[in-house]
Protein chains: 2
Amino acid sequence: MNTFENLEYNSLLTSFKELLKNNSLKFTKQREVVLKTLYERNEHFTPEDLYIFLKSTYPQLNIGIATVYRTLNLLEESHMVTSISFGVAGKKFELANKPHHDHMICKTCGLIIEFQNDKIEQLQLEIAKANHFHITSHLMQLRGLCEKCAKEKS
Amino acid sequence: MNTFENLEYNSLLTSFKELLKNNSLKFTKQREVVLKTLYERNEHFTPEDLYIFLKSTYPQLNIGIATVYRTLNLLEESHMVTSISFGVAGKKFELANKPHHDHMICKTCGLIIEFQNDKIEQLQLEIAKANHFHITSHLMQLRGLCEKCAKEKS
DNA sequence: TTACTTGCAAATGATTTGCACGTAT
DNA sequence: ATACGTGCAAATCATTTGCAAGTAA
C-alpha cells in the first residue's frame, strides 16, 4: 500500500532523488538534511522543532524555517512523510517508512504511542462502502492520559 | 456519557443558563443566538460562517466575530459543542446534543457524513487498555470522496 | 547558462486579546 | 453599582509567499 514502507535510509534517499528528478526539482543540502534527520531521529517533529534542530546541528547551512516548511510539504505531498494535526497548535511530521499506524496522544505530557489494528481498518472500509464513500486516508487519534500522567493525577 | 445528548432546545437553554450562573457569567443575546442557531440549523459551522449567518439574521445585534469565537470556545469547554479540525483551514463546530459520532469528510465538496460504530469504539478501549492509556476522547475521520464527487472524477 | 532554491522579511489567515463602552445581575 | 460582556482594532501564531541572490544540473 505504502511505497516507502520498511525502507532504510539509502533506499529512501534514492526514492527522494528520483522523485525530485521526475519533477524537475533539485537535490539540495537542505532537502537532504530534512530527510536524514527524520530518518535518524525517528521522532514526530513540529516544523519549528525540526528547524531548531537543523539550525544547531548544521549551523553552516543557515537553514530558514520557510525551507523546512517547504520541504515537509513536498515530502508530505509525495507521501514520504505523514503528519498528525494538533488543531491550532500545528502539525507534527514523521517519516512514512513505517507501516501505517495511528496514534494515542497524552494530553498532559504529549507522549505519542503508535498502534495499529486491522479489525478497525476493516470496519472503516465496510462503513465507507455502506455510505458509498471512497476512503483515501483516515485520521484516528485516541486522546487522554498516558500511564505516568494518569498516576500523577491521582 | 454526554450530559447533553438528545436534549431539545429548552433543556439546552436551561443547561446553558445554569452553566453561566455557576461560573458567574452572564446570559446575553449574543450567547443566546449562537446556541439557538447551532440548534436550529443543525449544521457544522465554521466560526466565520456562523458569524456571517448571525450578522445577516440579527443585524440589529451587530455581533462581532470575536464574540462568536469566545462563545464557541466557552460552549466547547463546557462540552455543549464539539469541533472537527481541518488543520490550517480551521475548525467546524456542532452542537453536542446528538449521540457521539464520527465523520466522513469529502475532500472535494466538503460534504460531511456522520457515522458511529460500537465495535470500533470497543476496539479502541481494548487497545488503550493494553497500552495502559486512559482515553478521554477520540478523533476519527475518514477522508476521501463522496459518491457524487467520485462519479464526477471518472 | 538556465532554471530551480534559498533565506529573509513581509504577507496571510485563523484566532485571540486589550480596551473603553455597554449591559446583565 | 458592580462585574462581566461586547465590538473594534491591534496582536499573535503558524504558515506561506515575493523577491533578489545563490546554486544544482
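In what follows, chains are A, B, ... by sequence order, proteins preceding strands, each numbered from 1. Below, all heavy atoms of this structure are taken into account, side chains as well, without hydrogens, waters or symmetry copies.
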**OP:** In whole angstrom, give the distance that lies between atom CG of A:L20 and atom P of C:dA3.
**Re:** 19 Å
Original post:
Do A:K55 side-chain atoms and A:I63 backbone N/O form a donor-acceptor pair below 3.5 Å?
Top reply: yes
**OP:** Give a yes or no answer on whether the side chain of A:R31 reaches the backbone of A:F16 with a donor-acceptor pair at less than 3.5 Å.
**Re:** no
Original post:
When the distance from NZ of A:K55 to C1' of C:dC8 is rounded to whole Å, what number comes out?
Top reply: 10 Å
Subject >> N/O donor-acceptor pair under 3.5 Å between A:N131 side chain and A:I127 backbone >> reply: yes
Original post:
Atom CG of A:L54 and atom P of C:dG7: how far apart are they, to the nearest Å?
Top reply: 10 Å
Original post:
Which whole-number value in Å describes the distance from B:N62 CG to C:dG22 C1'?
Top reply: 12 Å
Original post:
Does the pair A:E40/A:K36 count as a salt bridge with the N-to-O cut at 4.0 Å?
Top reply: yes
**OP:** State whether the side chain of A:T136 and the backbone N or O of B:R143 hold a donor-acceptor pair below 3.5 Å, judged by distance alone.
**Re:** yes
**OP:** Just compare C:dC8, D:dC4, D:dT6 and give me whichever is closest to any side-chain atom of B:T28.
**Re:** D:dT6
Original post:
C:dG7 phosphate, OP1 or OP2: any side-chain N/O from A:Q30 under 4.0 angstrom?
Top reply: yes
Original post:
Separation of A:Y58 atom OH from C:dT6 atom C1', in whole Å?
Top reply: 18 Å
Tell me which donor-acceptor pairs under 3.5 Å the side chains of residues 86-97 of chain A have, and how far apart each pair is, sequence neighbours excluded?
from: A:E94; atom 1: OE1; to: A:H44; atom 2: NE2; distance (Å): 3.1
from: A:E94; atom 1: OE1; to: A:H101; atom 2: NE2; distance (Å): 3.4
from: A:E94; atom 1: OE2; to: A:H44; atom 2: NE2; distance (Å): 3.4
from: A:E94; atom 1: OE2; to: A:H101; atom 2: NE2; distance (Å): 3.0
from: A:E94; atom 1: OE2; to: A:H103; atom 2: NE2; distance (Å): 3.0
from: A:N97; atom 1: ND2; to: A:L7; atom 2: O; distance (Å): 3.4

Original post:
Rounding to a whole Å, what distance do you find between B:E32:CD and C:dT25:P?
Top reply: 11 Å
**OP:** State yes or no: do B:I84 and B:F115 share one hydrophobic cluster built from I, L, V, M, F, W and Y residues joined by side-chain heavy-atom distances below 4.5 Å, directly or via other members?
**Re:** no
Original post:
Which of these nucleotides, D:dC4, C:dT5, C:dT25, is closest to any side-chain atom of B:L25?
Top reply: D:dC4
Original post:
If you pin B:S24 and B:Y51 to their nearest nucleotides in DNA chain D, which one's is more 5'?
Top reply: B:S24
Subject >> Separation of atom CG in A:L74 from atom P in C:dC4, rounded to whole Å >> reply: 14 Å
**OP:** Using atom CZ of B:R31 as one end and atom C1' of C:dT23 as the other, report the distance to the nearest whole Å.
**Re:** 12 Å
Subject >> nucleotides 9-23 of chain D: protein proximity per nucleotide (B base, S sugar-phosphate only, - neither; heavy atom, under 4.0 Å) >> reply: -----SSBBB-----
Subject >> From CA spacing to verdict: side-chain hydrogen bond (donor to acceptor under 3.5 Å, both in side chains), A:E121, A:H100 >> reply: CA-CA 10 Å; A:E121 311 269 323; A:H100 166 74; 3.1 Å; yes
Original post:
Parallel under 30°, tilted from 30 to 60°, perpendicular over 60°: which one fits the rings of A:F45 and A:F53?
Top reply: tilted
**OP:** Could you tell me, to 10°, how much the axis swings from one end of the helix from C:dT1-D:dA25 to C:dT25-D:dA1 to the other, five pairs per end?
**Re:** 30°
**OP:** Would you mind classifying the nucleic acid contact of A:T46 as base, sugar-phosphate or nothing, using non-hydrogen atoms under 4.0 angstrom?
**Re:** nothing
